[in-house]
Amino acid sequence: MGKKSKKPSKQAPKPKAAAAAGPTAVPIESAQIYSAHKTIAVYQGTEDGVATFGVATYLRYAKADASKAEEPRHDLSLPLAEADAHTALLSESAEGAISSVVASLTIGDRVELEWLQMRLPGAAFDSEPVRVCPKLARVTEAEEKALIEQWCQKVPAPGLVSGVPRPAPICAPCKPAKPPPAPR
């Protein structure tokens, strides 16, 4: 009788989750991000469970999917029940519930407000994107100044041109790109 080879099999092992999954397996789901916004905003109030913020300055903006991404905005209306549900879905704790932060704000408070425009895990591919708010925090004047110094250098936005509304104020990166090397 011959000896069995100790060489590893060339067949990939089956994942343990798939082997034990059975009929109640939950499919792996992923989210799709279309745009990301990081702003300084002013709290304008809450009515019928919807908090409204006016965007004072964009610190950062990223367009991840050009066909579905929303452009920078002048304001954001945030339905609080939805925002809390998104937070609960995407985080391990509900300590940072958006509604509790909003409840502590007074009209005119300046805040650091970040949101992602995205399709949530498990949502239909053709479903409307939602806005998920990973950060909402009141900022002092000094904190706002530090954020602006950290993230951007203000660039003046153009005024009205042929009746087109002025774009939201957006910052340019603080550190300009290095100039190309001088020709020799």
Side-chain angles (χ1 to χ4, degrees), residues 24-152 154 157 165-171 173-174:
T24 59
V26 176
I28 296 174
E29 300 169 342
S30 63
Q32 174 68 44
I33 296 175
Y34 302 122
S35 64
H37 307 253
K38 181 179 183 71
T39 68
I40 297 293
V42 179
Y43 175 61
Q44 296 174 335
T46 301
E47 188 174 322
D48 297 326
V50 178
T52 305
F53 299 88
V55 173
T57 301
Y58 261 83
L59 300 172
R60 282 283 187 255
Y61 168 75
K63 187 184 290 191
D65 182 331
S67 66
K68 294 185 180 181
E70 66 183 4
E71 294 299 321
R73 305 171 58 92
H74 288 285
D75 54 33
L76 179 69
S77 295
L78 197 60
L80 297 176
E82 288 178 23
D84 286 346
H86 300 153
T87 300
L89 176 67
L90 298 173
S91 71
E92 293 179 9
S93 73
E95 286 179 24
I98 299 301
S99 60
S100 63
V101 176
V102 169
S104 73
L105 298 174
T106 56
I107 293 175
D109 279 349
R110 294 179 79 83
V111 295
E112 181 181 0
L113 173 61
E114 295 179 17
W115 73 90
L116 301 170
Q117 178 208 17
M118 65 188 293
R119 182 176 49 82
L120 291 172
F125 185 73
D126 60 349
S127 64
E128 284 293 315
V130 297
R131 290 183 192 93
V132 176
C133 184
K135 184 161 190 178
L136 175 61
R138 181 184 292 122
V139 292
T140 64
E141 191 175 320
E143 291 168 329
E144 179 179 344
K145 183 178 177 184
L147 284 167
I148 289 171
E149 287 176 8
Q150 175 186 358
W151 288 101
C152 63
K154 279 192 141 182
R166 178 177 72 103
I170 300 178
C171 297
C174 294

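All figures in this text were calculated on a predicted structure; none of them were measured in a lab. The chain is numbered in sequence order, starting from 1.
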Between the side chain of T46 and the main-chain N/O of G49, is any donor-acceptor distance below 3.5 Å? no
Distance, nearest 0.5 Å, that separates CD1 of I40 from CD1 of I148: 6.0 Å
Measuring from L80:CG to S100:OG, what's the distance to the nearest 0.5 Å? 10.0 Å
Does any part of the side chain of E112, heavy atoms only, come nearer than 4.5 Å to the side chain of L136, both counted from C-beta? no
Mind checking whether F53 and V102 have side chains closer than 4.5 Å, heavy atoms only? yes
Once side chain to side chain donor-acceptor pair (under 3.5 Å) is applied, what residue pairs with a partner in residues 102-111 remain, sequence neighbours excluded? T106-D109, D109-R138, R110-E144
Would you say T39's side chain and L113's backbone share a donor-acceptor pair under 3.5 angstrom? yes
E70 meets the side chain to side chain contact (heavy atoms under 4.5 Å, CB included) criterion, sequence neighbours left out, with S35, H37, R73, W115, Q117, R131
State, with a plain yes or no, whether a side-chain heavy atom of V50 is found less than 4.5 Å away from one of L78. no
Enter the distance from I98:CD1 to H86:NE2 here, rounded to the nearest 0.5 Å. 11.0 Å
Would you say the side chain of E114 lies within less than 4.5 Å of the side chain of C133, judging by non-hydrogen atoms? no
Between E82 (side chain) and P79 (backbone), is there a donor-acceptor pair under 3.5 Å? no
Nearest-0.5 Å distance that lies between atom OG1 in T140 and atom CD in E143: 3.5 Å
Over all atoms of both residues, closest heavy-atom pair of M118 and I33: CB-CA, 3.9 Å
Show the nearest heavy-atom pair for residues Y34 and A69, with the distance to one decimal. O-CB, 3.2 Å
Within a strict 4.5 Å, meaning less than it, do heavy atoms of the L76 and T52 side chains meet? no
Mind checking whether D75 and V55 have side chains closer than 4.5 Å, heavy atoms only? no
